[in-house]
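A, B, ... follow the sequence lines: proteins, then strands. Residue 1 opens every chain.
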Number of protein chains: 2
Amino acid sequence: MAGRPRGRPKSYNPDLALWQALETFWSSGFAATSLDDLSAATAMNRPSLYAAFGDKKTLYLKTLQRFASEMEKSLAGDLGKAGSLSDTLRAFYGGAIELYLSGPEGPRGCYVICTAPTAAATDADIRQALAAILKEIDASLEARISCAVAEGELSQEADPAMLARLAASVLHSIAVRARAGESRDALQSLAEGAVQLICQPHPPASKR
Amino acid sequence: MAGRPRGRPKSYNPDLALWQALETFWSSGFAATSLDDLSAATAMNRPSLYAAFGDKKTLYLKTLQRFASEMEKSLAGDLGKAGSLSDTLRAFYGGAIELYLSGPEGPRGCYVICTAPTAAATDADIRQALAAILKEIDASLEARISCAVAEGELSQEADPAMLARLAASVLHSIAVRARAGESRDALQSLAEGAVQLICQPHPPASKR
DNA sequence: GCCATTTTGTACCAATTCGCAAATAATTAT
DNA sequence: ATAATTATTTGCGAATTGGTACAAAATGGC
């Protein structure tokens, strides 16, 4: 049962509020988002925000973790399904493009790629969080591509780690291009080009 | 001769000051950089800054243009030299990596890719400037790759516009990865992988 | 009913933000 | 020299910033 904790009940849903904060940062980035903005978006007053999530930077780091965990779920879903590598990658890119174009006030790209780098140069914690997420993307793709090599879908000569990092690179670029206003068609075409280049039967990128 | 303009002479060098402002934005991004920071970096007091470059956003836009024009010079240099496409691309990526890792206080990635997207979602002017610069990178690479196709270095089946956008995508990713702290080795290896994938003799990415 | 506990709401703080007005300084033109 | 022109300096001011102190409110335990 667990019952209620003890004192006055929270008037907000922590998971929801965290996501609302994330969306606010997503629009304006870390520095340009004020505590007033966050307070308005979450319908929590400042002291509640502070008590629940710590200071602004701590809250931002928590939204990065939250996005990473949502992304992980989605990655596992897209990359985990049965099907050819090319179809899997198409679904992967397709889902990302839809997400990146789905902002309530226009396209906004990837939350992490488009907001964290700015703050990463001067803040080691944010830099580390960004690096961890990039690594996770690389690793998820590498796992799926290794699989394709093992099953003979890709040549044994193919280098899964390298191909994964290249595939991730196109994702990063799509993230930025979406926020810059590129059309869905242009993004989808870029993704398709990446799929064809990566999934070709005779890979040129021999291990060095 | 042109002589001196008329009144009191400027005590600053506009080109230098613009670059100093750019470097300041490069470290902290648009929103986190204050006019005091800019004033200190340029050794200009606030009203002089304002008179010379307009308000903060206008100044930022001018630094984006400045970076784009420097980049254009550098691109023309790297991509314009004689040599195989693969060597040309190696030089292109190599130069970018050195620049991205060369920050006075640690690696800072690409100025445009790592600072403009954050502000681009809410500011149409910045978004437009970003889009223009992305387009310019694509176009420069496409010109060089078209050349390679015309000279038979790449198959006639190759799609220069697509390959250019893929090559640019890897550049964008390197820009972000550098700021996230990836090692020079990792970045160079990624670049080499991109070169090999793009410059293979039998391209799979047929035009659609 | 009364106390302990937790959250909320209001108000406030010191510091910083961007932008500008007005006076001062340095130069050229006449 | 004097006027005209341009840049710099000082200092302001209204607004916003991130963060907190303190009292009021809402719950559970007894």
Side-chain angles (χ1 to χ4, degrees), chain A residues 1-18 20-64 115-116 118-119 122-126, chain B residues 1-18 20-22 24-25 27-64 115 118-119 122-123 125-126:
Chain A
M1 284 318 173
R4 286 191 182 162
R6 192 78 190 325
R8 178 170 177 171
K10 295 184 205 297
S11 72
Y12 60 91
N13 174 333
D15 277 1
L16 174 61
L18 184 59
Q20 289 165 330
L22 187 156
E23 298 242 359
T24 312
F25 282 129
W26 201 341
S27 293
S28 309
F30 173 68
T33 299
S34 71
L35 286 185
D36 279 346
D37 296 334
L38 295 166
S39 186
T42 57
M44 297 165 67
N45 42 35
R46 220 106 50 107
S48 294
L49 259 183
Y50 205 82
F53 304 114
D55 67 7
K56 187 181 159 186
K57 186 182 118 176
T58 305
L59 170 54
Y60 179 66
L61 287 171
K62 286 182 176 164
T63 64
L64 288 181
T115 73
T118 300
T122 57
D123 188 300
D125 296 321
I126 295 175
Chain B
M1 286 315 174
R4 287 190 181 161
R6 192 79 190 325
R8 178 171 179 169
K10 297 185 205 297
S11 72
Y12 60 90
N13 174 333
D15 276 2
L16 175 61
L18 183 60
Q20 290 165 330
L22 187 155
T24 311
F25 283 129
S27 293
S28 310
F30 173 68
T33 298
S34 71
L35 287 186
D36 279 346
D37 295 336
L38 295 166
S39 186
T42 57
M44 298 166 67
N45 41 35
R46 220 104 49 106
S48 294
L49 260 181
Y50 205 81
F53 304 115
D55 67 7
K56 187 180 158 184
K57 186 181 118 176
T58 305
L59 170 55
Y60 179 66
L61 287 171
K62 287 182 177 165
T63 65
L64 288 180
T115 73
T118 300
T122 56
D123 188 300
D125 296 322
I126 294 175

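In this structure, B:Phe53 places its CZ atom 16 Å from P of C:dC18, rounding to the nearest Å. Spacing between atom OH of A:Tyr60 and atom C1' of D:dG19 amounts to 21 Å, rounded to whole angstrom units. Between the CG atom of A:Leu49 and the C1' atom of C:dG9 there is a distance of 13 Å, rounded to whole Å. Whole-Å rounding puts the B:Tyr12 OH to C:dA26 P distance at 17 Å. As rounded to whole Å, 14 Å separates atom P of D:dA7 from atom CG of B:Asn13. Rounding to whole angstrom units, CG of residue A:Asp36 and C1' of D:dT16 are separated by 8 Å.
Between A:Ser48 and C:dT7, a side-chain N or O to OP1/OP2 separation shorter than 4.0 Å is absent. OP1 or OP2 of D:dG18 has not a single side-chain nitrogen or oxygen of A:Tyr50 nearer than 4.0 Å.
Picking from D:dT17, D:dT10, D:dG19 the nucleotide with the shortest atom distance to the side chain of A:Arg46 gives D:dG19. Considering only side-chain atoms of B:Arg8, the nucleotide from C:dT7, C:dT5, D:dT8 that sits closest is D:dT8. Taking the side chain of B:Lys10 as heavy atoms from C-beta on, and the options D:dA7, D:dT8, C:dT28, the nearest nucleotide is D:dA7. For B:Asp55, the listed nucleotide lying nearest its side chain is C:dG19; candidates were C:dT7, D:dT27, C:dG19. Proximity note for A:Leu35 (side chain, C-beta onward) versus C:dT10, C:dT7, D:dG19: the nearest is D:dG19. Picking from D:dT27, D:dT10, C:dT8 the nucleotide with the shortest atom distance to the side chain of B:Pro47 gives D:dT10. Proximity note for A:Asn45 (side chain, C-beta onward) versus C:dT28, C:dT6, C:dT10: the nearest is C:dT10. For B:Ser34, taking side-chain heavy atoms from C-beta onward, the closest of the listed nucleotides C:dT17, D:dT10, D:dG18 is C:dT17.
B:Thr33 and B:Tyr60 share no donor-acceptor pair across their side chains, judged by distance under 3.5 Å alone. Side-chain contact of B:Asp37 with B:Ser34: a donor-acceptor pair under 3.5 Å is present, judged by distance alone.
Between B:Asp37 and B:Gly7, the residue anchored closer to the 5' end of DNA chain C is B:Asp37, taking for each the nucleotide with the nearest heavy atom. When each of B:Arg6 and B:Met44 is assigned the nucleotide of DNA chain D with its nearest heavy atom, B:Arg6 is the one assigned upstream, toward the 5' end.
Checked by atom type and distance alone, the side chain of A:Lys56 pairs as donor or acceptor with a backbone atom of A:Phe30 at under 3.5 Å.
The shortest heavy-atom contact between A:Ala52 and A:Lys62 is O-NZ, 4.2 Å.
Residue-level contact check: A:Thr33 touches the backbone only, with heavy atoms under 4.0 Å from sugar-phosphate atoms and none from bases.
Each of A:Phe25, A:Phe53, A:Trp26 was checked for a side-chain contact (heavy atoms from CB on, under 4.5 Å) with A:Thr63, and the lone residue meeting it is A:Phe25.
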